[in-house]
Amino acid sequence: MSGSHIVPARFLCLTSHLVVTITILWSRDANVRASLPENYTNSEYNAVDTSLLAGLIVTLILLLLELVGFLSGVSMFIYSAGIVSTLAHASASVALSYFLFDEWPYHIFWWIFGFCSAFPAVIEIIVLIGVLGLKRVG
């Protein structure tokens, strides 16, 4: 597979991860309730909801950072970054879909965040620094 074939796949995976994250942001109540005991207080609910909300907002920020790097062309044709991004965001789309529909507890979100949002964002930042700051390509 050549490097140009990864570009549309990366775009689709980034977009699907973004859509699923926004969907969870709108309907996170079931996941918050799944994380709480049967009898919970309002403060417990608010603590879990705030934690999940913070994770979702950070995920959106990291996705937007990646989209800017990708759509500006800085990291679009760097094959290794494209492969990591595509695999991570495809995995995130599937895992977050299960998270949403099976009403997984919120602490599982942080594992998905670490491997599927933070890791590719760090790679993207390294690529941005390498290309823009150090003027290195590939």
Would [X] and [Y] show up in the same hydrophobic cluster when neighbours are defined by side-chain heavy atoms closer than 4.5 Å?
X    : Y    : value
F77  : F70  : yes
I57  : L100 : yes
V122 : L65  : no
I61  : L25  : yes
L134 : V74  : no

Taking [Y]'s backbone N and O only, do any of them form a donor-acceptor pair with [X]'s side chain (distance below 3.5 Å, no angle check)?
X   : Y    : result
N31 : W104 : yes
S51 : A47  : no
S93 : H17  : yes

With sequence neighbours excluded, tell me which residues meet side chain to side chain contact (heavy atoms under 4.5 Å, CB included) with N46.
N42
Considering non-hydrogen atoms only, spot the tightest contact between [X] and [Y] and give its length.
X   : Y    : result
G69 : L128 : CA-CD2, 4.1 Å
L62 : A118 : CD1-CA, 4.0 Å
F11 : T15  : O-OG1, 2.7 Å
A88 : F115 : CB-O, 4.2 Å
V48 : S35  : CG1-CB, 3.9 Å

Residues which pass side-chain hydrogen bond (donor to acceptor under 3.5 Å, both in side chains) with [X], listed by chain and number, not counting sequence neighbours:
X   : answer
S75 : R10, E124
S43 : T41
D49 : R28
Y40 : R33

Go through the structure and list residues passing ring-ring contact (aromatic ring centres under 6.0 Å, His included) with F113, not counting sequence neighbours.
W110
Between L63, T86, V19, which is the residue that forms a side chain to side chain contact (heavy atoms under 4.5 Å, CB included) with L14?
L63
F119 atom CZ, over 12 foreign heavy atoms within 6.0 Å
no
S80 versus I78: any side-chain heavy-atom pair under 4.5 Å?
yes
Side-chain heavy-atom pair E66, S85 within 4.5 angstrom cut-off:
yes
Check step by step if side-chain contact (heavy atoms from CB on, under 4.5 Å) holds for T59 and F109.
CA-CA 10 Å; T59 298; F109 172 81; 3.4 Å; yes
Between Y45 and V32, is the side-chain contact (heavy atoms from CB on, under 4.5 Å) condition met? List the steps.
CA-CA 7 Å; Y45 180 90; V32 171; 3.3 Å; yes
Spatial distance of atom [atom1] ([X]) from atom [atom2] ([Y]) [nearest 0.5 Å]:
X   : Y    : atom1 : atom2 : result
L36 : Y106 : CG    : OH    : 8.5 Å
T21 : L96  : OG1   : CG    : 5.0 Å
M76 : I6   : CE    : CD1   : 13.0 Å

Where do L56 and L60 land on the side-chain contact (heavy atoms from CB on, under 4.5 Å) test, with the steps shown first?
CA-CA 6 Å; L56 290 167; L60 288 173; 5.6 Å; no
